[in-house]
Amino acid sequence: MSDEYNPTEIEAKWQSRWSDRAINTFSDEDLRTAERPFYNLMMFPYPSAEGLHVGNMYAFTGADIYGRWRRLQGEDVFEPMGFDAFGIHSENFALKKGINPMELIPSNIENFSRQLRGIGAMYDWNHTVDTTDPQYYRWTQWIFLQLFKAGLAEKKEAPVNWCPSCHTVLANEQVIAGACERCGTPVEQRFLSQWFFKITDYAQRLLDNLTWIDWSETTRKAQENWIGRSEGAEIRFRISSPWEARAGTAAGDAFRQRVAEHAVQLENMSEDERSRTVWVQDLFIPVFTTRPDTIFGATFMVLAPEHELVEWITTPAQRGLVEAYREQAAGMDLVTRKKAEKDKTGVFTGAYARNPATEEDIPIWIADYVLMEYGTGAIMAVPGHDERDFEFATRFELPIRRVIAGPGDRVDTPLGQAYDGDGTLVNSGRFDSRDWQTAKRDITEWLAQRQSAEARVNYRLHDWCISRQRYWGPPIPIIYCDQCGTVPVPESDLPVVLPYVENYKPDESGISPLARVEEWYRIPCPQCGGHARRETDVSDTFLDSAWYFLRYPSARFNDVAFDPELTRKWLPVDMYIGGEEHAVLHLLYSRFITMVLKDLGYLEFEEPYKRFRKHGLLIKEGSKMSKSRGNVVIPDQYIEKWGADTFRTYLMFLGPYQEGGDFRDQGLTGPAGFLGRFWDTIVPVSELGTAPATGGLEQKLHATIKKVTDDVAGLRYNTAIAAMMEYLNAVREAGRTANRDEVEPLVLLVAPFAPHLAEELWEQLGHKESLFTGKHWPIYDPDKAITDTVEFVVQVNGKLRARIAMPRGISQDAAQAAALSDENVRRFINGGSVRKVVFVPDRLLNLVIG
RNA sequence: GCCCGGGUGGCGAAAUGGCAGACGCAGCGGACUCAAAAUCCGCCGGGCGCAAGCCCUUGAGAGUUCGAGUCUCUCCUCGGGCACCA
């Protein structure tokens, strides 16, 4: 080894030594017998074509530093890494390249693994996961089956975005201003039959647990918003237009069936009437509202254009208009339709409903600002107190009525805009002058007594659509039999292997590419042996990643998804670090799957991650990194030039880890110089025997250990590094070769950041074992971490007038005496009398002059 | 519109209600060198001053306090998330 700091040489040496001596890997036996298990998890990457991005490396380095720190404290830290290699990203890249993903993805993974080995993280490559491995997705399919058997997976029709040019279904995120993000073609809405997981059944539990899990606050808030709990009431409005749907006619029978299916309320009907006729006026339209207190101001109703009742209540005179409007709405993509800036449009159905509070008949309209997916797909419109309803009422000249009076409003103060603030009720009959908050409850109760309402909670969260009409994912393990209907694939037949398909491109049919492979999907029914076909959709990538953390410890077992004993020992995850971009979907889905598996008896916990911390986002020279800007930082050249240790240290130094930072090429010289001086300072020390720390360095050392320990624990890596720099500067200012006790602890402090350098110096200091094999993190002595003298700040009337060194623990009187003898202090007191003295021990003295 | 974060030197950033600008980058001056690079030493928010020191300064304005970058209110602004969610 040469005298100069040579990162390339050192890093190669230690990476191969770690691997040869199995420093970072556990055997399955190690996992079973570990005494102080600590599961340190980071979000696994999808192995993109471009390779490891500096954003990945930033995330992984910060997480690895935490893991290495816990290991230096003597814990058995399990730090696995894997690949989220299924999904549309990988498939689209394969399409672009014209190479089948089944051939392309393995080479991406290989490239990624190579890069990951170079960043100096302590990954356990004995326990890795690749979601495209049949031995992995076999268990993804198994989880689907468990949900199916528990009644938590169901197939239903749902609207999707369809690009007629690319022949594919698009996620909402892929639709930009109503057009396909790739080709610019306007997107259409199509209805397809899809598999859903009933995550809404878990909405309240997912929300409740957020109060106690130890997660970044912003992430908890994001989940809370996403779940979107609203409290209010469901109120029923009786239709008051007297049309009938007669039994025995085709239309009448179809209507009666719809009524039964959709649980529209039927009341006050004799058996005889039921068998003959359904009167539209016997139907109720349920609406959800968070403002039952404003019901006296509901002057019309609006249904979503797709609402089932529309075709039955529309009058012949309005039918043409209504049909035209419905068609137009159906042709519109979901994104454009949900645009708030769009002008309100709508059509009157000709029908009326009775407001249960005022007993007035109010018109029923349809409009696309009411969404079928939320609530009941119908609203009571209160234009006086809802901005959207106000806009609609103004446009179509519908009555606007004030029913809430804010401070200073009179009963008849006209409304120039919707008022949604606090107030008391007006124009509301017996509820007049009641406070709006109280009235919410009172009116709901009053209507409930008359069977017209009940209190209700609604969630914004939708069921999780897991079907993908694409190729690159795990086939959904379901078989459709002509005789037996929907049959789950028997668990003993798993995995349902994704076949190699030459033409895996999606086409205009909207049907999965697997539907073109007859020899694959046509199979005998596992129950009756009759004609049957496989489900040809694959599942969402988010399902792959919803349980991968359960798989890591058991990654080497093929007969079980997760071994119960290892799971009990290692899970839930102790520390999870990842990007805020997954704050909602991935983190919510994995919480949901964990809860389900717990309810089904497979797990003993229901929250997968004890702690979650988000890391910040890296930008480059003040702007976002993106391929189009051409400013994406690829770590390889930097590591080659500066070494992984310098690169890691720089990434952690450029800003607070949880907030991100601005990457500038020039900035690397700072940490590079630091590590170079570190080397120069410590190499000569190895030739000396032990000697204690001397002078001010001992105090400074203990203070630094405290600072670095606290900062690393709180992921404040930037200030931890600054503290080490300060200490190193102090050692060098001593102007002599340092004593061993002055610098050996510093080698340990820097080890999580620059593990190769630390190992090398540790060895040169005479240690035989890797420093990551023992409990080596230095412990500070609180008594030694403080100085004997303190610099007192003396203020006069709150302004700094002097700094005076005084012994620690000095009394107020003594400090005051010292202060009063200071010339500058005297000058500012200027003969005035000291009216008040503020004394902060060992810190500050403030003399207030009257 | 709603919910989170931010706004501090030329730049990245520090600061349990108690010395604003730690640490680093860039810059300037010096040493070494024939020279350059590397390395080392010094200076480095603005203004006044020979100096001691003084005044100003944390997006804007008010407030609480002996004392505010930090707490409260109002506003401006940037970033992120959600969004006709009834």
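If you're wondering where the values come from, they're calculated on a predicted model, not measured in any experiment. In what follows, chains are A, B, ... by sequence order, proteins preceding strands, each numbered from 1.
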### Task
Could you measure between the two P atoms, the one in G27(B) and the one in A37(B), and give it in whole Å?
11 Å
### Query
Is a donor-acceptor contact shorter than 3.5 angstrom present between the side chain of Arg664(A) and the base of C25(B)?
no
#### Entry: Rounded distance in Å between the P positions of G59(B) and A13(B)
14 Å
### Task
Using the C1' atom on both, measure G21(B) against G12(B) and round to a whole Å.
13 Å
### Task
Classify the nucleic acid contact of Arg732(A) as base, sugar-phosphate or nothing, counting any heavy atom under 4.0 Å across all strands shown.
sugar-phosphate
### Query
If the C1' atom of C25(B) is compared with that of U74(B), how far apart are they to the nearest Å?
38 Å
### Message
If I pick the P atom on G10(B) and the same atom on C44(B), what distance separates them, to the nearest angstrom?
### Response
15 Å
### Task
Measure centre to centre between the rings of Trp365(A) and Phe392(A), then say whether the value is under 6.0 Å.
yes
### Query
What integer number of Å spans the P atoms of A83(B) and C71(B)?
31 Å
### Task
Could you check if a side-chain atom of Leu746(A) sits within less than 4.5 angstrom of a side-chain atom of Phe678(A), using non-hydrogen atoms only?
yes
### Query
Do Gln795(A) and G18(B) share a donor-acceptor pair, side chain to base, under 3.5 Å?
yes
### Task
Would you state whether a donor and an acceptor, one from the side chain of Arg677(A) and one from the base of U39(B), lie under 3.5 Å apart?
no
### Query
Heavy atoms under 4.0 Å, any strand shown: does Arg835(A) hit a base, just sugar-phosphate, or nothing?
nothing
### Message
I'd like the C1' distance from A22(B) over to U8(B), given in whole Å.
### Response
13 Å
### Validation row: Val584(A), Asn225(A) side chains within 4.5 angstrom (heavy atoms)
no
### Query
Less than 3.5 Å between a donor and an acceptor, one on the side chain of Asn846(A) and one on the base of C66(B), is that the case here?
yes
### Message
Below the 4.0 Å mark, does G24(B) have OP1 or OP2 next to a side-chain nitrogen or oxygen of Asn729(A)?
### Response
yes
### Query
Does the separation of the ring centres of Phe674(A) and Phe753(A) fall below 6.0 angstrom?
no
